[in-house]
Amino acid sequence: MGAEMTEATGGIDFEDEEASGVVKKFMFVNRKAPYGTIYALEALEVVLISAAFDQDVSLAFLDDGVYQIIKGQHTKAIDVKNFSPTYRALEGYDIEKLYVEKESLDQRGLTEDDLLVDVQVMSSAEMAKMMSEQDIVISF
Amino acid sequence: MLHIVNKSPFENQTLDSCLRVAGNAEGAAILLTEDAVFAASKGNSNESKIKAVMGKVKVYALWPDVEARGMQDRVIEGIKMVDYGGFVDLVAEHSNCQSWL
Amino acid sequence: MKFAIMVNEGVYQHQSTDSAYQFAKAAIEKGHEVPRIFFYHDGVYNASSLTEPPQDDRNIVSRWQKLAKEHNIDMVVCIAAALRRGIKESNLAEGFRISGLGQLVEAGIQADRLVVFGD
């Protein structure tokens, strides 16, 4: 993904902007499974770019979004890039707040052990509270 | 927080997910737009779910979408109607918003 | 108040682009500002200069152009999403510009609210 990311950041003239220095709470809400549609991949691209802006970034995984971070994804036979290792690289971008709704895991017969990254599992009510505390919620 | 839902409850579980997370949340409001307005119609199988959260959160439906779909005479009592200007007001009045896509 | 808008679906297939337009228009009518609209995913098709709807239908692309011109809206199309889908400078409708995803994050930082329209 490296080269693509560099290209996508092109044209940012952020240092001179009035917003420089502002830190907002950004939450990216992932509710769709990978591969069936492109939303998960393109959401991840936004998340990676957001790291360059020194904002307070978190990711939420609900509903089929939890399948984005499930272990054991092998995509060779469908000839689509397996982007699941990138979630593990998020820590290197200082993106460490990954929240997963417990009810979504339960509905799918999954537990935290089935996930390929360290996450904070929380109830629907806790998720609602977390969402309500954000400045910007970008959902996919 | 304003939660925006645009999916028919008969097509997928988006409304259920929104109600599960936001249905009991303090200061939450839910706006039904596009195909989600079918959830606002009397006698539909989601009526009880909608009514169950109405005591705790405010539920709105986007009137232009209601009317476009012929639902104007069937709206569940207590669901407030807003036009696009009202939609803008709701976004402005709440500290943030989430679209349940 | 400043509203940033994100449009995630293409023209005609989904109502989301119409909803986004009506929202933007209403916000402006109420005296708010819409400094930037960011087009992502299939939303990049909103910026195609090759769109030709039937005469009796709304013209989504020109409708955006008119609104943007009248109200000074910065309409940004994500470069990565656009190139993937065959939208480039050569078929980019006037009034739109192609730039990076950073423009979306920046819009979120600078605006008071960000509203996402998609499917």
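To find a chain, count down the sequence lines: A is the first, B the second, and so on, and within it residues start at 1.
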task: Name all pairs fulfilling the ring pair (Phe, Tyr, Trp, His ring centres under 6.0 Å) condition that reach into residues 17-44 of chain B, sequence neighbours left out, sorted by first residue then second.
output: none
Partners meeting ring-ring contact (aromatic ring centres under 6.0 Å, His included) with F140(A) (sequence neighbours left out): H41(C)
query: When you look at T111(A) and L105(A), which way does the side chain to side chain contact (heavy atoms under 4.5 Å, CB included) test go after all the steps?
result: CA-CA 6 Å; T111(A) 68; L105(A) 289 176; 5.9 Å; no
query: Under a 4.5 Å heavy-atom cutoff, which of M131(A), M127(A), M27(A) has the most pairs with chain B?
result: M131(A)
Evaluation steps, ring pair (Phe, Tyr, Trp, His ring centres under 6.0 Å), between F28(A) and F61(A): CA-CA 9 Å; F28(A) 297 99; F61(A) 297 90; over 10 Å; no
- request: Return the set of residues passing side chain to side chain contact (heavy atoms under 4.5 Å, CB included) with A51(A) (not counting sequence neighbours), or none when no residue passes.
  value: Y93(A), I95(A)
Suppose we count any N or O donor within 3.5 Å of an acceptor, strictly below that value; which pairs fall between chain A and chain B?
unit_1, atom_1, unit_2, atom_2, d
R31(A), NH1, L101(B), O, 2.6
D63(A), OD1, S17(B), OG, 2.8
D63(A), OD1, R20(B), NH2, 3.1
D63(A), OD2, S17(B), OG, 2.9
E101(A), OE1, R20(B), NH2, 2.7
E101(A), OE2, R20(B), NE, 2.8
E101(A), OE2, R20(B), NH2, 3.3
S104(A), OG, R20(B), NH2, 3.4
M131(A), O, N96(B), ND2, 2.9
Q134(A), O, N96(B), ND2, 2.8
S139(A), OG, S99(B), O, 2.6

- prompt: Mind checking whether L110(A) and I70(A) have side chains closer than 4.5 Å, heavy atoms only?
  reply: yes
